Each structure stands twice: as C-alpha cells, then as structure tokens.
Amino acid sequence: MQKMIIYQVLPRLYGNSCQTRKPNGTLEENGCGKLNGFTPSVLKQIRELGATHVWYTGVIRHATTTDYSAYGLPSQHPAVVKGRAGSPYAITDYYDIDPDLAVDVRHRMDEFTRLVARTHRAGLKVIIDFVPNHVARQYHSIAKPEDVHDLGEDDDPTVGFDPVRNNFYYCPGQAFTPYFDLYHGAKEPYYEMPAKATGNDHFDNAPGRNDWYETVKLNYGVDYYAGQTPASIQVSDQLTQGSTWQKMRDILLFWADKGVDGFRCDMAEMVPAAFWAWVTAQVKALHPGILFIGEVYNPGLYRTYIASGFDYLYDKVGMYDALCNVLCHRTDIASITQAWQQTDDIGSHMLYFMENHDELRLASDFLVGNGERALPAVIVSALLRQNPFMLYAGQEWGEHGMDVEGFSGHDGRTTIFDYWSFLPHDAAAEALTQIYRTLLNIARSEKAITEGKFFDLMYVNRHLSHQYAFMRCASQRDLLLVVANFDDIPAAFELTIPDHAFEYLGIAKGDYDATDLLTGQHLGMFEGHIALPPRGSLVLRLELKRRNAR
C-alpha cells in the first residue's frame, strides 16, 4: 500500500531551458516547456522524488495572445487574455491540447496521449484539470466530436437565464464594458453583445480589475437572478439537468477515455453538488478507480461535496492555513491540532499541501524566505495522516517566486500567465531536493505512514509553544515519532509519551532504540530528550529492545 503523493507541474515552465526571462516576453523570446520534455528519464526522477501521481496543469487549450491561426486555431483578443501566455483556467476548447506545449502543433493530441502512456510506464498516474465553472470569453471548440454542439451554440442570448437550453448567463441588451481598454493594443476593440456573466459570479456587464473578466460563467441550472447559489441547493434538490450537464459529462468521459486517471476540479464549490453527484457516478461507472479532487474552500461544504462523489478535497482553509500561520509565528502550535480535529471524521478525504499554483511559494519573501525554513510544516503535512499530500514543482528546490514575470507581477508566486523559466539549481537547492526525496519516500512507503494510526502528543506536552510532536504506528515493528521545531532558535526539551499512547497504538512499553530516518543516523536509546536545531525536525523509527520489554 502506498500513500498518494501528487506532483503538480506546469509543463509550460517545467523543462523550459531558455533563460531570457524577459518580463512580458513572447513565446519566441522566453521559450516554453513541452509535453515531450517529460522523457522517461524525467518521469523516473519524479517517481524517485516520491510521487505516485503527476498533475499536469494547463494542458487543455486555453486563451493566449500567441497566434496559431496558421494551424487553424482561432485567435483570442488580447483584451480578454491575462498575460502573454494566458491563464490555464480560461479554456477555449475543452477537446484540445494547448499548442504551446507541442513540438508539432498539428499532432498535439498525439503528443499528449504519448505522454500519458510514458507516465504510466514510469509507474505514475495522470491527473489533469477539469474547469467546470467557467470558460474563456471567446470559447470556440474546433476539436470537438462532430456530433457535439459547442458551448453556447444553441443559447438564446435574449434571456438572462434559461435552465435547460443556455450554457451561459447573459445581460440582455448590454454590451461588455469592463474597467479596462477594450483595444489592449489590437487594431479593433473587443466586442461582446450581449455581455455574458463573468466567471466569478459577477452578473452584470462591467467586471472590475479583480474579477475573472477573461472568463464567462457556465450555467448548471442555478438561478442566481432569483437569489439561488450552489451552497443553497441540496444534493437531493431537483435541479434541471440542462445542456451544460450533458456537455460537461461528455468532456470528462472524453479525457477519461484517453487514459487520464483523475481530475483536479477547479473551483468545484461554485458548481452545484447535485451536478457532481450525478456526473461522478456516471464517470466512475465507466472508469472505476478514476479520481475526483475538488477545490473547495468552504469547510462547511466539505462533507456535502465528499458525499457528492469527490475522493479528495483541498484542505486549504484548515491545515494549510494553520501550518502557514505557525511557520510565520502568527498563531500558536495548538492550531495544528485544531485543524486536524475539525476534519477528523473525513480526514482520509482531505488533500494536504504546502504549495500549489494559487498559493505563495514557501521560500518567497512573503512567507519564510527560504525553503529549508519551511520544512517543519512540510514534514508535518506529509506525515501526519494517511491522506494524500501534494507538492508543486519547484517547491523541492526552494523556488522563490519573487520574479517580476509580466502579468503575474511581484507576488511571491510562480506565474501561470506568462512565458517564463526557472533559474538553474545551485548546491543549496540540490541539498533541499534530497531532503524532499527522503521525506516523500518515507511518506509514500513507510507502513506507519501509509497504514498506521495517528496519535497527537500535544495534549501532554503543553509546555511546547513552537514544537509539534506526534506518533504514527502500524505495528510494534512500524513505529515512528515525528517532532518538528517551528522556532528560529534551537529547542531542547523533554517529550512526554503518555501510557494512553501505548494503549491506543497497541504497542508495549519498554526501552526503544531510535534512528532518524531523515538522516539515517542511529541515535541510541530514546529516553524522551529532544534536541533540535532552528527549524529542524526528527522522524524517529523506534524499535523495542525485546529483552527490556515489560
């Protein structure tokens, strides 16, 4: 049995060796990674890092300013594209592959299916994005099957909302008039009449700077104009299964038929749970074992969306926030215990992570400024429970995210909007990667982690304010003690392990020998004394000395 370790990667960046790195640079200036760059050797390295799944982010064709009209692809107006490369979450054709990622644009789908096959041969599974809530403003599929009607093709734009027929919401009689210049350097202005509602539930014709103005909202039968929201609709409520339901189901089945093993579902909570219950059942019936991972930020909806067929949900507003706050000394160490307790009944369905494309880089100046200083949180997140753990490419070498790439700006994140590349790794980055490799293989393969019980030691160690300790145990032979120091100074203290821990974990009291799995160092007899450097951690394998057992 293995713990699921998801490696998220943006192919546009990963493997791009061009070091021009010009802010707002074009594809020709800054280069672009390719699907073919994920060679058997590269995939082997990802597997050896500890990954079990690769989430290829942004592989479906999305809005871009790069002109591919020579290949028969429609161009998008620059006024409704964010950045030169464009957002991977402004889909322009759900049935197509992003041409930026192809060596031979004409055979881009073949390059993707070969990537899926290579990934599987490397012992890894494939996850891609499914973006169900919104599409690009100029959505138009040229790759759809012949019998499929395009999104919006049969809409009646003279009405704002039609639960059966319309795929979009409209502002009848009103042109699209956002806050920005509709020319954006083009010869002609962008024109949309009537305006469609914007993807972040903005239902008038004038989205603002912070709106998802490059996208339009999809209609699943929720009458926002009458005050309905997805959160106000129960799974059991009878929503009209209109045109959008059928089309989105067919899109999921299209990609599942190509060998995709799972979908990371963008902003899942903005789509009604009733749809998810319906569609996940249908897709799983035809593709048993396929995964649905939901981006849900409202903890009050977690159980609803799990009941609707999601295998895993982001634990962002919970464990991620707690660990970031402890890393930055904004909250007490007890917030970690509170975070897992809040989802204890659904803990196996929570996806833990410390980075993804939306969040700050751990090593950015906006968080802790150095990848090694973030390791206590990563270790706790990866080893705490049996549930999956995800990391974002670059996290393992301490990517700072402090570049000014273009549209993305100086924000502590690695751009998803611009053509860019990573800097070559230095010795410190390689050393950090080795720590991640050791940690993730512990998480993936140690029986105490993949199958074992969890015991939080903090209730009997209340003297600790910046250190967190817990045990994982699958059997007397598979016992781990994890201690992480979130402080910027060394920590030396006595750790209490109560009798209840031995009883709950089903192990004997006695003399235990300790070996640190992070370093391989044998530490001798464990007597409860812990000494940690600043931001240091221990992952101790404890082995009972039988002759002293009592």
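Since the structure is predicted, the reported quantities are computational estimates derived from the model, not experimental observations.
Salt-bridge annotation for Lys22 and Glu29: present, with a side-chain N of the basic residue lying under 4.0 Å from a carboxylate O of the acidic one. Ion pairing between a basic and an acidic side chain is recognised when a charged N comes within 4.0 Å of a carboxylate O; Asp488 and Arg373 show such pairing. By the 4.0 Å N-to-carboxylate-O rule, Glu355 lies close enough to Arg361 to be salt-bridged with it. We find that Arg21 and Asp403 are joined by a salt bridge, their nearest charged nitrogen and carboxylate oxygen being less than 4.0 Å apart. Between Lys545 and Asp511 there is no salt bridge, since none of the side-chain N atoms of the basic residue sits less than 4.0 Å from a carboxylate O of the acidic one. A salt bridge does not link Lys316 with Glu295: every distance from a Lys NZ or Arg NE/NH1/NH2 to an Asp or Glu carboxylate oxygen is 4.0 Å or more.
Residue pairs meeting the ring pair (Phe, Tyr, Trp, His ring centres under 6.0 Å) criterion with at least one partner in residues 2-24, sequence neighbours excluded, are Tyr14-Phe38. Residue pairs meeting the salt bridge (Lys or Arg N to Asp or Glu O under 4.0 Å) criterion with at least one partner in residues 331-352, sequence neighbours excluded, are Arg303-Asp345, Asp344-Arg385. Judged as a ring pair (Phe, Tyr, Trp, His ring centres under 6.0 Å), the pairs with a partner in residues 439-462 (not counting sequence neighbours) are, in order, Trp340-Phe454, Phe454-Phe470, Phe455-His500, Phe455-Tyr504.
Both the sub-6.0 Å distance and the 45° axial angle are satisfied by Lys82 relative to the ring of Tyr213.
Using modelled atom types, one finds no donor on one side chain facing an acceptor on the other under 3.5 Å when comparing Glu214 with Trp212.
Taking the centre of each ring, Phe389 and Tyr352 stay at or above the 6.0 Å mark. Aromatic pair Trp255/Phe130: centroids not less than 6.0 angstrom apart.
Side chain of Asn387 to backbone of Met350: a donor-acceptor contact under 3.5 angstrom is found.
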